[in-house]
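Notes to accompany the following structure.
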Amino acid sequence: MVTDYAPIYALVQQIPKGKVTTYGRIAVCLNLASPRMVGRALHLNPDSEGTPCHRVVASNGRLAPSYAFGGLGEQARKLAAEGVQIKQNRVILRNHLWEPGLL
DNA sequence: AACATGACATAAG
DNA sequence: CCTTATGCCATGT
């Protein structure tokens, strides 16, 4: 059996439309040992239906360098479609950073 | 068990 | 702005 990443998916699914959050933020919120786990979880389940992984970005606002689906363009396009402002593959965290509810 | 790899974060050059 | 390097921890070989 593999580690249960359910909490990560649950949290990602709670990200409001038009907002984004970072791997590290999720990791801290869920009390995970490392933000790498978050990325692993999302890469494992590229389920864009149940899990809006495109709303998860790196701490510096950069998008995933190796997005599992259509690539970087797809993620950026999805975010833009939800009203997220993007600047050269960089999300304006200042405006769109969503802080997950602590447990 | 040891080594290598990865959708990260932070620091340093 | 870029690339390296280190810490981190689960996975796969």
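Residue numbering restarts at 1 for every chain, and letters A, B, ... go by the order of the sequence lines. Computed from a predicted structure; not experimentally measured.
Atom-to-atom, CG of Asn60(A) to C1' of dA7(B) comes out at 13 Å; the value is rounded to the nearest Å. In this structure, CG of Asn31(A) is placed 14 Å from C1' of dC8(C), rounded to the nearest angstrom. Summarising the geometry, the separation between CG on Leu44(A) and P on dA7(B) is reported as 10 Å, rounded to the nearest angstrom. Between Arg40(A) atom CZ and dA10(C) atom C1' the separation is 5 Å, expressed in whole Å. Straight-line distance from the NZ atom of Lys87(A) to the C1' atom of dC1(C): 15 Å, rounded to whole Å. The distance between atom CZ of Arg62(A) and atom C1' of dT3(C), rounded to the nearest whole Å, is 13 Å. Summarising the geometry, the separation between OH on Tyr23(A) and C1' on dA7(B) is reported as 4 Å, rounded to the nearest angstrom. Atom pair Leu63(A):CG and dA9(B):P shows a separation of 12 Å (rounding to whole Å applied).
Between Ile92(A) and Ile86(A) the shortest side-chain heavy-atom distance does not fall below 4.5 Å. A heavy-atom distance below 4.5 Å is found between the side chains of Leu79(A) and Arg55(A). With a 4.5 Å cut-off on side-chain heavy atoms, Pro52(A) and Lys78(A) do not count as touching. Side chains of Thr21(A) and Val12(A) form no contact here, defined as non-hydrogen atoms less than 4.5 Å apart.
In terms of phosphate contacts, Tyr5(A) brings a side-chain nitrogen or oxygen within less than 4.0 Å of OP1 or OP2 of dT11(C). OP1 or OP2 of dA9(B) has not a single side-chain nitrogen or oxygen of Ser34(A) nearer than 4.0 Å.
The residue Val2(A) sits close only to the backbone: its heavy atoms come under 4.0 Å of sugar-phosphate atoms, none of a base.
Of the nucleotides present, none pairs with dA7(B) by Watson-Crick or G-U wobble criteria with both distances under 3.5 Å.
The residue among Arg25(A) and Met37(A) whose nearest nucleotide of DNA chain B is located toward the 5' end is Met37(A).
Side-chain contact, Tyr5(A) with Asn45(A): no donor N or O sits under 3.5 Å from an acceptor N or O.
Distances from the side chain of His43(A) to the nucleotides dA7(B), dA10(C), dA9(B) place dA7(B) closest.
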